[in-house]
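Remember, predicted model here, so these are calculated numbers, not experimental data. Because only heavy atoms are used, hydrogens play no part in the values below, and waters and symmetry mates are left out as well, while side chains stay in.
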Amino acid sequence: MLKLFRATAILEGISYLLIFGLTMPLKYWADLGQPNKIVGMAHGILFILFVVLAGFICWERKWGIKRFIIFFIASLLPFGTFYMDKKYLAKLQ
């Protein structure tokens with residue numbers, strides 16, 4: 001399950017950066033809204049999956065609510081999931 005969580009974290013981080021770095025400018029500057037809808041939907045699904053998996057991982061490993069909150073905040077910040085993966089998850093494999 002840890003591998004799935006790490007993959008989800010990386011994909012969620014990439015989709016977050018794609019929204020603000022690519023599809024939002026396309027939507028507002030080039031009047032192309034379709035890429036934003038597609039990436040936005042993918043990001044929403046990945047975000048929900050990330051939060052659910054973070055809860056399962058924290059519960060399974062008995063990390064507690066503090067680590068879950070750190071993971072949740074990381075999902076809200078640009079590059080946060082990449083930092084979280086490197087600091088907390090990469091050394092577990």
Side-chain angles (χ1 to χ4, degrees):
M1 183 180 284
L2 186 61
K3 286 183 182 184
L4 176 63
F5 181 56
R6 289 187 71 200
T8 304
I10 298 301
L11 290 173
E12 194 271 338
I14 291 169
S15 69
Y16 188 36
L17 295 176
L18 281 175
I19 286 175
F20 290 105
L22 182 65
T23 64
M24 291 297 272
L26 285 175
K27 179 179 178 181
Y28 291 108
W29 295 340
D31 201 27
L32 295 171
Q34 191 63 27
N36 197 39
K37 289 180 183 177
I38 294 168
V39 175
M41 178 65 75
H43 174 68
I45 291 168
L46 287 167
F47 175 76
I48 292 168
L49 182 61
F50 174 85
V51 172
V52 168
L53 288 174
F56 281 134
I57 291 288
C58 288
W59 179 73
E60 178 184 75
R61 295 186 177 256
K62 297 177 178 38
W63 281 342
I65 192 74
K66 182 179 176 184
R67 178 92 38 112
F68 174 77
I69 290 170
I70 290 169
F71 289 171
F72 182 76
I73 291 171
S75 72
L76 300 175
L77 302 172
F79 301 102
T81 56
F82 304 120
Y83 172 78
M84 178 215 62
D85 179 61
K86 184 172 175 111
K87 180 164 174 72
Y88 294 101
L89 303 177
K91 58 187 170 190
L92 297 175
Q93 299 250 337

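In this structure, CZ in F50 is found 11.5 Å from CG in L11, a value given to the nearest 0.5 Å. The distance from the CG atom of L22 to the CG atom of L32 is 10.0 Å, given to the nearest 0.5 Å. Note that CZ of R67 and CE of M84 are 10.5 Å apart. Values are rounded to the nearest 0.5 Å. Rounded to the nearest 0.5 Å, atoms OG1 (T23) and CG (L17) are 11.0 Å apart.
For the pair F56 and L4, the minimum side-chain heavy-atom distance is 4.5 Å or more. With a 4.5 Å cut-off on side-chain heavy atoms, I65 and F72 do not count as touching. Residues I10 and T81 have side chains not in contact (no heavy-atom distance under 4.5 Å, counting atoms from C-beta outward). Taking 4.5 Å as the limit, every side-chain heavy atom of F5 sits out of range of all side-chain heavy atoms of E60. In this structure, the side chains of I57 and F68 stay at 4.5 Å or more apart for every pair of heavy atoms.
Shown are R6, K3, K91; of these, the salt bridge (Lys or Arg N to Asp or Glu O under 4.0 Å) with D85 is made only by R6.
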Using the rule given for side-chain contact (heavy atoms from CB on, under 4.5 Å), can you reason through L89 versus L2, listing the C-alpha separation, both sets of side-chain angles and the distance that settles it, and then say yes or no?
CA-CA 8 Å; L89 303 177; L2 186 61; 3.9 Å; yes

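Linking Ile, Leu, Val, Met, Phe, Trp and Tyr whenever their side-chain heavy atoms come within less than 4.5 Å puts L77 and I70 in one cluster. Residue M1 is grouped with residue W63 when hydrophobic side chains (ILVMFWY) are merged at heavy-atom distances under 4.5 angstrom, including chains of intermediate members. Following chains of ILVMFWY side-chain contacts shorter than 4.5 Å, one cannot reach M41 starting from L26, and the two form parts of different hydrophobic clusters. The hydrophobic cluster containing L18 also contains F82, counting ILVMFWY residues as joined when their side-chain heavy atoms lie under 4.5 angstrom apart, directly or transitively. Hydrophobic clustering keeps L53 apart from W59 (ILVMFWY residues linked when any side-chain heavy atoms are closer than 4.5 Å, directly or through intermediates).
Between the Y16 side chain and the H43 main chain, no donor and acceptor come within less than 3.5 Å of each other.
Below 30°, between 30° and 60°, or above 60°: for Y88 and F71 the angle between ring planes is above 60°, a perpendicular geometry.
Here the closest non-hydrogen pair linking L46 and S15 is CD1-OG, 4.0 Å.
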